[in-house]
K.L.:
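Shown below is the structure under consideration.
The first residue of the sequence shown is numbered 1, and numbering continues consecutively from there.
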Amino acid sequence: MAFQTDVDQMREDLKYRNEKLDVEFKSWMDISAANKSAQGKIARHIAAIANYGGGRLYFGVDNDGNAQPASPEFDLAQYSPDVINNLLRTRLEPSLQCEVRRVELDGVTYPVVYIPPHGTTPICAKDENSYLHVYVRNVGPESTRVEKFQQWDILLRRCIRFRDIEAVQINEEDDLTRTQAMTKAITDSVTASILKTLAAGGAIFPGATAKAIDWPFIHRLAEATRQDFVAQIQSLEVGASDSDRQIAEIAENHAVMGYALLDENDDLVTLDRPQSLLRSVSDEMHEVASFGWHDFITLPNSSGPPRTRFWKVGDKELTGVEGMRVDQKQVYFGAFDYWRVFGNSVFVICKSYKEDSNRIRQKVEKPFLTSVLIFIRLHSLLAHAGLVMSKVERANKVAFFVDHHGLSDRGLGRSFDYGLRMHTHLTAGLDEHRYQVVIERDELEKDYFSVLKRLSVPLLEVWAGANFNPDEWYTREAINNLVHFLQKEGSSVRLLNAPPLLDDPTSAVATS
């Protein structure tokens, strides 16, 4: 099958020149806090679409489905994820987190709000007088208050179904927790018995060399996840479009990254209730590393991922949680990912290169990665690890692993210039580049930037030479400028535990 891109989806939504029950069009408009009427309308439409089962809201499209030219009066920053979600936080109950993406159509960029379905209770929206009402989509389409029995019946039946799904997921997590606790108890008992025997024979003594981190086992889990990701890509029936051909190449061009939590003895930490942990961290990732999507994302109110899974890797049987598989994704946004979180706290995510999609769109011949997207990938990974670590008291260290495939002959582009401006004329010599970094808890909590630099420079050194020194380029000022640049572009991004270093950076693009 040929995958539908975000542009394809927008063209499909505009084709009939009319809104649908799951699609709402809005012209360029002022949705700032000062315009309470407009905010009330947007909140009402989003609540109604959520109560319908989810959908999309487009800005810059009139009621007849005509895509409007770019507006000099309304900057794209006015429709950033922060603006939209702050609006929803003040006007919806219970809260609803929406993804805000930008879709470029015929040279104009349009903000699109992707609205998830409601959960175990309907979504209520405040009107202009701050009174809460339940809204639904009606024929027209229009967003109106619930008034008829049939409307309540459909809505409440869906709420009951989501409650059943939630009960199943809770039972799965309880089973996983019991299995992990039993496995850990048995392992601890056997280990204690062996150590006691060895100590009696004089093999264990004060000052003995500490055990090493079990990197071979961690890498086996990462490789098992990568092989599954590659198999998922290879099983797809792709078409003949440029995007489909690029999708087929993902099997050779992707990154595998992740981390493992370690205790004071460098043993892997067993996670308690990993699904609950992931949901909690996913909510926080929206504030620090959301680029339309974020690492280890959990989808609210879904009968699908993440779900509890059992895997056999080598001779070991493991439990954990699996993210959305590639064949479950309905729209291709220029990149695919797939992740696993093992119960022993090994987090693995596989990602294709967004740069390859950009290269095809911009018709650039030579392959490349960019320093901006490298920052996005590694900051997303590190931010997730930092948030998880803050909730797992037994974690003393975090061991990162980064493995890039398909690097050969790639250049290193600046900013979002799609390979038109490069940091250096050098290209990557090897096809694969793997490294690992171990970080103490205190380091991550006290100096996030320095840890991010330690995690990033080993990859950037692939392109190191006379004209590009990664260690000198990766400064606090350059990264702070880059963060502000991404915020201006509409992303929700900030470094953990670090206030901005510049109040008014002006050279973000140039320093990237």
K.L.:
Nearest 0.5 angstrom please: Met257 CE to Ser380 OG, how far?
P.N.:
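The distance works out to 8.0 Å.
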
K.L.:
If you measure from CG on Leu407 to CG on Leu430, what distance do you get to the nearest 0.5 Å?
P.N.:
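Between atom CG of Leu407 and atom CG of Leu430 there are 8.5 Å.
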
K.L.:
Going by atom types alone, do Arg279 and Ser282 pair a side-chain donor with an acceptor below 3.5 Å?
P.N.:
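Per modelled atom types, Arg279 and Ser282 side chains form no pair under 3.5 Å.
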
K.L.:
Please round to the nearest 0.5 Å and tell me the distance separating atom CG of Asp22 and atom CD1 of Ile115.
P.N.:
9.0 Å

K.L.:
Do Leu318 and Val346 have side-chain heavy atoms sitting under 4.5 Å apart?
P.N.:
no

K.L.:
If you measure from the Lys or Arg side-chain nitrogens to the Asp or Glu carboxylate oxygens, is any gap between Glu223 and Arg226 under 4.0 Å?
P.N.:
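Salt bridge between Glu223 and Arg226, a charged N being under 4.0 Å from a carboxylate O: yes.
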
K.L.:
Using side-chain hydrogen bond (donor to acceptor under 3.5 Å, both in side chains), reason through Tyr474 and Ser456 one step at a time and then give a plain yes or no.
P.N.:
CA-CA 9 Å; Tyr474 212 101; Ser456 304; 3.2 Å; yes

K.L.:
Compare all side-chain heavy atoms of Asn344 with those of Thr319 and state whether any distance is below 4.5 angstrom.
P.N.:
no

K.L.:
Tell me whether the NZ or CZ atom of Arg340 lies within the 45° cone about the ring axis of Phe347 and under 6.0 Å from its centre.
P.N.:
no

K.L.:
Roughly how far, to the nearest 0.5 Å, is CH2 of Trp473 from CZ of Phe468?
P.N.:
6.0 Å

K.L.:
Would you say the side-chain atoms of Gln328 pair up with the backbone N or O of Arg325, donor to acceptor, closer than 3.5 Å?
P.N.:
yes

K.L.:
Any sub-3.5 Å donor-acceptor pair from Ser280's side-chain atoms to Leu277's backbone N or O?
P.N.:
no

K.L.:
Could you check whether Arg410 pairs with Asp356 (Lys NZ or Arg NE/NH1/NH2 to Asp/Glu carboxylate O, under 4.0 Å)?
P.N.:
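Asp356 and Arg410: salt-bridged.
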
K.L.:
Check whether Phe333 forms a cation-pi arrangement with Arg101 (NZ or CZ under 6.0 Å from the six-membered ring centre, at most 45° off the ring normal).
P.N.:
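Judged by the rule, Arg101 and Phe333 form a cation-pi pair.
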
K.L.:
Are any side-chain N or O atoms of Ser345 and backbone N or O atoms of Leu261, one a donor and one an acceptor, separated by less than 3.5 Å?
P.N.:
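Judged by distance alone, yes, a pair lies under 3.5 Å.
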
K.L.:
Could you check, using the six-membered ring where one of them is a Trp, whether His379 and Tyr448 have ring centers closer than 6.0 angstrom?
P.N.:
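Ring centroids of His379 and Tyr448 are less than 6.0 Å from each other.
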
K.L.:
The test is side-chain contact (heavy atoms from CB on, under 4.5 Å); show your working for Phe400 and Leu382 and say whether it passes.
P.N.:
CA-CA 9 Å; Phe400 291 95; Leu382 182 59; 3.4 Å; yes

K.L.:
How about NZ on Lys453, more than 12 heavy atoms from neighbouring residues, nucleotides or ligands closer than 6.0 Å, or not?
P.N.:
yes

K.L.:
If I compare all heavy atoms of Val437 with all of Tyr435, which pair ends up nearest, and what's the gap?
P.N.:
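Answer, listing the atom of Val437 first, then Tyr435: CG2-CD1, 4.1 Å.
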
K.L.:
For atom CD of Glu432, is the number of surrounding heavy atoms from other residues, nucleotides or ligands below 6.0 Å larger than 12?
P.N.:
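Result for CD/Glu432: enclosed.
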
K.L.:
Within the structure provided, determine whether Arg102 and Asp6 are in side-chain contact (heavy-atom separation under 4.5 Å).
P.N.:
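Answer no - side chains too far apart.
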
K.L.:
Please report the closest heavy-atom contact between Thr121 and Pro94, naming both atoms and the distance.
P.N.:
OG1-CG, 3.5 Å

K.L.:
Just so I know, are the side chains of Ile49 and Ile46 near enough to count as touching, which here means a heavy-atom distance under 4.5 Å?
P.N.:
no

K.L.:
Just jot down the side-chain contact (heavy atoms from CB on, under 4.5 Å) partners of Glu440, sequence neighbours excluded, or say none.
P.N.:
Asn396, Lys397, Glu443

K.L.:
Please confirm whether His404 and His433 have ring centers closer than 6.0 angstrom.
P.N.:
no

K.L.:
When you measure from the side chain of Gln487 to the backbone of Val493, do you find a donor-acceptor pair of N or O atoms at a distance under 3.5 Å?
P.N.:
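Yes; judged by distance alone, with no hydrogens or angles, the pair exists.
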
K.L.:
Should the pair Arg309-Glu322 be classified as a salt bridge under the 4.0 Å nitrogen-to-oxygen rule?
P.N.:
yes

K.L.:
Is there a donor-acceptor contact under 3.5 Å linking the side chains of Tyr353 and His405?
P.N.:
no

K.L.:
How close do Leu262 and Ala399 get, counting heavy atoms only, and between which atoms?
P.N.:
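Closest approach of Leu262 to Ala399, heavy atoms only: CD1-CB, 4.0 Å.
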
K.L.:
Using a 4.5 Å cut-off on heavy atoms from C-beta on, say whether the side chain of Phe336 contacts that of His254.
P.N.:
no

K.L.:
How many angstroms lie between CG in Leu455 and OH in Tyr259, if you round to the nearest 0.5 Å?
P.N.:
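Answer rounded to 0.5 Å: 12.0 Å.
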
K.L.:
Are Val326 and Asp337 side-chain neighbours, meaning at least one heavy-atom pair lies under 4.5 Å?
P.N.:
no

K.L.:
Do Asp447 and Arg476 sit within salt-bridge range, that is, some charged N less than 4.0 Å from a carboxylate O?
P.N.:
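Judged by the 4.0 Å cut-off on N to carboxylate O distance, Asp447 and Arg476 do form a salt bridge.
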
K.L.:
What's the separation between atom CZ in Phe229 and atom CD1 in Ile349, rounded to the nearest 0.5 Å?
P.N.:
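If I round to the nearest 0.5 Å, the distance is 9.5 Å.
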
K.L.:
Do Asp471 and Arg454 meet the salt-bridge criterion of a basic N to acidic O distance under 4.0 Å?
P.N.:
no

K.L.:
Ion pair present between Asp295 and Arg377, side-chain N to carboxylate O less than 4.0 angstrom?
P.N.:
no

K.L.:
What is the minimum heavy-atom distance between Lys488 and Ala77, and which atoms define it?
P.N.:
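Between these two residues, the closest heavy atoms are O-CB, 4.1 Å.
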
K.L.:
Is there a donor-acceptor pair closer than 3.5 Å between any side-chain N or O of Ser235 and the backbone N or O of Gln232?
P.N.:
yes

K.L.:
Is any side-chain heavy atom of Phe59 closer than 4.5 Å to one of Ile42?
P.N.:
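Yes, side chains in contact.
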
K.L.:
On the ring face of Tyr131, is Lys126 found with NZ or CZ under 6.0 Å from the centre and within 45° of the axis?
P.N.:
no

K.L.:
Run the salt-bridge test on Glu284 and Lys391 with the 4.0 Å N-O cut-off and return the result as yes or no.
P.N.:
yes

K.L.:
Could you tell me whether the side chain of His384 reaches within less than 4.5 Å of the side chain of Leu278, counting heavy atoms only?
P.N.:
yes

K.L.:
Does either side chain, that of Tyr135 or that of Asn51, offer a donor lying less than 3.5 Å from an acceptor on the other one?
P.N.:
no

